[in-house]
Each structure stands twice: as structure tokens, then as C-alpha cells.
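This report refers to the structure that appears directly beneath it.
Read the numbers this way: they start at 1 and go in the same order the structure lists the ligands and their atoms. FYI, the numbering just counts along the sequence from 1.
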Amino acid sequence: MSERNDDFITYELQEFKLFEPLFRWARKKSLWIVAFCTGCGGIEMPPLFTARYDIERFGMMPNPSPRMADLFLITGYVTPKTLKRIIITYEMIPDPKYIIAHGSCPINGGVYWDSYNVVKQLDKYIPIDVAIAGCMPRPEAVMDGIQEIMRKIESGEADGWKRYRENYEWYRKNQDELFGEGWRERDARRWLAWI
Ligand code: SF4
């Protein structure tokens with residue numbers, strides 16, 4: 001069954017290869033965002049969507065469901081507990097999908113570089129396409145990052161979703177080293193007890 005599905009996907013991709021530039025152009029013009037408002041960056045999100053900076057003019061819109069989004073914003077420091085939710089949310093977003101990380105914390109831990117409870121290098125666990133440095137970056141810098149991801153989508157350089165598929169074993173190994181093997185099942189069991 002899975003073999004048939006794989007063949008079907010390959011066939012579809014080959015069939016539409018000619019239209020790929022058109023698809024990329026359409027994708028960059030209509031990015032729907034699922035925002036994971038971690039860290040201080042949660043405060044910087046509303047100005048982006050409202051009248052002063054207004055990223056809706058780029059065709060972008062916030063969306064609460066990962067199933068309908070293609071751009072994942074991670075807006076600041078990430079704790080291991082939050083990272084589990086980030087990984088699960090990322091895996092629920094359909095391909096092709098892109099990640100922008102705001103602020104210094106997701107890049108190298110930022111001011112929390114020596115904290116026991118902050119992830120120091122987010123791209124060991126999920127693939128980041130654009131990182132915006134700053135603590136916290138100004139909305140203009142975030143918009144600059146958005147322009148960069150649009151450029152990368154159009155040129156085909158925004159390939160984090162492909163890297164995640166191709167190097168899944170490596171990402172999975174890093175995740176398991178941090179959380180311990182079987183963390184997904186353990187977490188699911190923990191939540192079931194509350195239902
Ligand atoms: S980079 Fe600075 S503003 Fe952003 S989450 Fe870290 S401490 Fe907060």
C-alpha cells in the first residue's frame with residue numbers, strides 16, 4: 001500500500017515539474033503562519049500583524065492549525081518541554097514547510113547560554129530555514145527575514161523540509177538524546193491520564 005502511495009507521489013512530482021517555478025511563486029505569495037510564541041518574541045508578533053507593520057500585504061496570515069499552515073515561526077528561547085510540542089507541531093505541518101527562528105536564543109541560547117533548561121541550538125532538532133539575530137529583533141528585522149524566506153522559497157533554497165526527511169535519523173537521534181528514547185509514547189501516556 002505504501003509502495004503504491006510513493007509511486008503516486010513520484011509520478012505527481014514528475015508530472016508537475018514544469019510548473020514548479022509557478023508553484024514556488026504561488027507558495028511565497030501566500031504563506032500561512034503557525035506561530036509558536038515562545039520566549040519574549042510572543043510580544044513582537046501582534047505588531048507585525050496589525051496596522052503599523054501589516055504583513056498581510058505580503059499574503060501572510062496567522063493560522064491556529066498546523067494542518068493548514070506552511071510557515072512556522074519560533075519566536076524566542078525554547079525549553080526542552082516546549083521543544084517536544086514544537087517537534088510534534090512541525091511534523092503535523094504538510095510539506096513543503098518552512099521555519100523562521102527569531103532572536104538569538106534559538107541560534108545559540110542567547111542570554112540563557114548557561115541555563116540547564118534552554119535548548120542551545122535549535123537546528124539540531126528541527127531544520128531552520130532563516131534565523132533572525134537580535135534580542136529581540138525589531139519588526140523591521142523580522143520583515144527582512146520574511147523577505148529572505150520568500151526569496152529562498154522562490155529560488156528553491158528553502159529546503160529544510162527536505163533536509164528533515166533525508167536526515168531524519170540524525171534529527172531523531174538528537175531528539176532521543178535530549179528526551180530519552182520513547183519520549184513520544186511516554187508523553188502521550190502522561191496526557192491520557194488527564195482525559
Ligand atoms: S533572544 Fe532575547 S528577546 Fe528573544 S527570547 Fe531570547 S532573551 Fe528574549
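Applying the side chain to side chain donor-acceptor pair (under 3.5 Å) definition to pairs two or more places apart or across chains, those involving residues 56-82 are Thr79-Thr82. Judged as a ring-ring contact (aromatic ring centres under 6.0 Å, His included), not a single pair has a partner in residues 46-70 (not counting sequence neighbours).
Both the sub-6.0 Å distance and the 45° axial angle are satisfied by Lys84 relative to the ring of Phe179.
By the salt bridge (Lys or Arg N to Asp or Glu O under 4.0 Å) test, Asp114 pairs with no residue at all, sequence neighbours left out.
Looking at Lys29 and Glu154, no side-chain N of the basic residue comes within less than 4.0 Å of a carboxylate O on the acidic one, giving no salt bridge.
Of all protein atoms, those that are N, O or S and lie under 2.8 Å from atom 2 (Fe) of ligand 1 total 1.
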request  = Go through Glu169 and Lys173 one step at a time and tell me if the salt bridge (charged side-chain N to carboxylate O under 4.0 Å, His left out) criterion holds.
outcome  = CA-CA 6 Å; Glu169 292 304 318; Lys173 179 175 77 61; over 6 Å; no
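Of all atoms in ligand 1, numbered sequentially from 1 with element shown, those under 4.0 Å from a heavy atom of Tyr112 are 7 (S).
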